[in-house]
Amino acid sequence: MVFRDFPVDYDARHDLVHELRLDVATVEQSVFLDNRIAADLAAATVVPRSAMAPAAVPSRAAILLHTSFCGSTLLAKALHHRERRVALREPLVLRRLADAAHQGLSVDAALPELARRLMQPWSNGAAALVKPTHVALPLASALLASLPQANVLALTSSLEDFLLSNLRKPAETQARTGELVTRQARGNPLDVRRLALPREPDFLDIVALQWSLQREWLSLVQRRFPGRMKVVDAALLYSRPVETLVASAAWLGDPLEAADAAARLQPLLGVHAKAPHLAY
């Protein structure tokens, strides 16, 4: 089961797409499909995007949007099934597009084409579920517009859970919070300049602002595409995982019995979603 010419990377400044033959085992073994992919990115074939044939709009694509640190990797793994729907966790091309947009480059032409290429069916007919990095939330509305038939889930958490999650992160991760706020604020409907922020915000102030900005991007999707996105709270995923997985799969058009959902979740619960060898 393979995906020929999978777009593993994108050079936005030169409009070059890096393609690689990818098998489903590589997808499953990779924490994310970014620079941590379990494949040799240097082996990719580089082609000008303008020379590529247009990708068809996939009919059964699905998108999993999320705010950070909310369990989206767990949900994506649980929704993954080799024969039905392959979960693509944080493909690098969407991060590259988000980086390019943040740097002021236009991605209006590249985003629809790359999104459709990512979402093509696999060799056995399995549909794709793409989980973009939370850094790509500013592109969420454009992503939905590019994939008009895609069903959309959005996973998020409460402010309290988000604060606690950030407090548990290592210092290196915490140090990037300010940069993430800057990225999420660019073009955000929530105008940070109008907020009554503390003169010298502390770490938790910044984390709370990040949470608000991410939620606002999801709210924008709801306003632009009413009824198209189902929002799931992480607390529900953790307290009622089987029921949440069944409901999420149904929303994506992949009916799932409770017993099958429990079987999928059994090896995932109680371990770190990004490091399965660690208890969580």
Side-chain angles (χ1 to χ4, degrees), residues 1-12 16-47 49 52 55 58 61-66 68-100 114-136 139 143 153 155 169-170 172-173 176 245 252 254 263-280:
M1 179 179 170
V2 297
F3 190 122
R4 300 183 185 279
D5 302 327
F6 185 86
V8 291
D9 202 352
Y10 176 60
D11 178 350
L16 299 173
V17 181
H18 297 228
E19 297 181 327
L20 195 65
R21 183 180 184 276
L22 204 62
D23 59 56
V24 71
T26 300
V27 172
E28 294 168 344
Q29 293 165 9
S30 303
V31 175
F32 294 129
L33 300 182
D34 54 14
N35 52 13
R36 289 162 285 187
I37 191 172
D40 182 9
L41 289 174
T45 300
V46 181
V47 295
R49 186 181 57 82
M52 302 170 72
I63 303 168
L64 174 56
L65 301 174
H66 61 98
S68 47
F69 307 147
C70 65
S72 60
T73 300
L74 168 63
L75 182 56
K77 284 186 172 184
L79 289 166
H80 172 83
H81 189 282
R82 285 188 171 196
E83 303 304 319
R84 297 181 186 176
R85 189 171 297 281
V86 177
L88 307 173
R89 301 188 300 273
E90 310 207 2
L92 184 57
V93 291
L94 296 180
R95 173 60 190 254
R96 297 297 197 206
L97 288 166
D99 290 346
L114 291 174
R116 291 167 188 165
R117 287 189 175 280
L118 277 175
M119 306 298 275
Q120 293 302 303
W122 283 64
S123 59
N124 67 343
L129 165 68
V130 68
K131 181 181 91 79
T133 168
H134 64 90
V135 175
L139 301 180
L143 184 61
L153 280 169
L155 184 66
K169 298 303 177 185
E172 179 183 358
T173 301
R176 292 197 295 267
L245 178 56
L252 298 182
D254 301 325
R264 288 195 197 182
L265 287 163
Q266 191 277 328
L268 301 176
L269 297 176
V271 299
H272 197 299
K274 300 170 188 175
H277 60 287
L278 298 177
Y280 188 80

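One-based numbering along the sequence shown. Worth knowing before you read on, the calculation uses all heavy atoms, side chains too, and leaves out hydrogens, waters and symmetry mates.
Between Tyr10 and Arg49 the shortest side-chain heavy-atom distance falls below 4.5 Å. The shortest distance between side-chain heavy atoms of Ser72 and Leu75 does not fall below 4.5 Å. Using a 4.5 Å heavy-atom threshold, the side chains of Trp122 and Val27 count as touching. Residues Thr133 and Phe32 form no side-chain contact, since every pair of their non-hydrogen atoms from C-beta on lies 4.5 Å or further apart. Within the 4.5 Å cutoff, side-chain heavy atoms of Thr173 are placed close to those of Phe69. Side-chain contact between Leu139 and Leu94 is absent, with no heavy-atom pair separated by less than 4.5 Å. Using a 4.5 Å heavy-atom cutoff, the side chains of His80 and Arg89 are not in contact. A 4.5 Å side-chain heavy-atom check between Leu97 and Leu114 finds at least one atom pair inside the cut-off.
Taking the six-membered ring where tryptophan is involved, the planes of His66 and His134 are perpendicular, since the angle between them exceeds 60° and thus also 30°.
For Arg84, there are no salt bridge (charged side-chain N to carboxylate O under 4.0 Å, His left out) partners, not counting sequence neighbours. By the side-chain hydrogen bond (donor to acceptor under 3.5 Å, both in side chains) test, Asp99 is found to be paired with Arg95, Arg183, residues two or more places apart in sequence or in another chain being considered. Applying the salt bridge (charged side-chain N to carboxylate O under 4.0 Å, His left out) criterion to Arg116, with sequence neighbours excluded, gives no partner residue. Partners of Arg85 according to the side-chain contact (heavy atoms from CB on, under 4.5 Å) rule, which considers only residues two or more places apart in sequence or in another chain, are Arg60, Ala62, Ala127, Leu129, Leu252, Asp254. Looking at residues two or more places apart in sequence or on another chain, you find a side-chain contact (heavy atoms from CB on, under 4.5 Å) between Leu265 and Ala78, Pro241, Val242, Leu245, Leu269. Taking Asp34 as the reference, Arg36 meet the side-chain hydrogen bond (donor to acceptor under 3.5 Å, both in side chains) condition, with sequence neighbours excluded. Not counting sequence neighbours, the partners of Thr26 by the side-chain hydrogen bond (donor to acceptor under 3.5 Å, both in side chains) test are Asp23. Partners of Ala42 under the side-chain contact (heavy atoms from CB on, under 4.5 Å) rule, at least two apart in sequence or in another chain, are Asp40. Gln29 is linked by a side-chain hydrogen bond (donor to acceptor under 3.5 Å, both in side chains) to nothing, counting only residues two or more places apart in sequence or in another chain. Judged as a side-chain contact (heavy atoms from CB on, under 4.5 Å), and not counting sequence neighbours, the contacts of Thr45 are Val47.
Arg117 CZ to Glu19 CD: the interatomic distance, rounded to the nearest 0.5 Å, is 6.0 Å. Note: Leu20 CG to Asp5 CG = 9.5 Å, rounded to the nearest 0.5 Å.
Taking all atoms of both residues into account, the shortest heavy-atom contact from Ala87 to Ala76 is CB-O, 3.4 Å. For Ala128 against Leu88, the heavy-atom pair with the smallest separation is CB-CD1, 4.1 Å. The shortest non-hydrogen separation linking Leu33 to Ser30 is CD2-CB, 3.9 Å. Closest of all the heavy-atom pairs between Ala136 and Ala98 is CA-CB, 3.9 Å. Pairing each heavy atom of Val17 with each of Pro7, the nearest pair is CG1-CB, 4.0 Å. Nearest approach of Leu155 to Gly71, heavy atoms of both residues: CD2-C, 3.5 Å.
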task: Any chance you could lay out the side-chain contact (heavy atoms from CB on, under 4.5 Å) test for Asp11 and Val46, step after step, and finish with the verdict?
output: CA-CA 9 Å; Asp11 178 350; Val46 181; over 6 Å; no
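The one candidate from Ile63, Leu65, Leu79 that meets the side chain to side chain contact (heavy atoms under 4.5 Å, CB included) condition with Leu153 is Leu79.
The salt bridge (Lys or Arg N to Asp or Glu O under 4.0 Å) contacts involving residues 126-135 comprise Glu90-Lys131, where partners must be two or more places apart or lie in separate chains.
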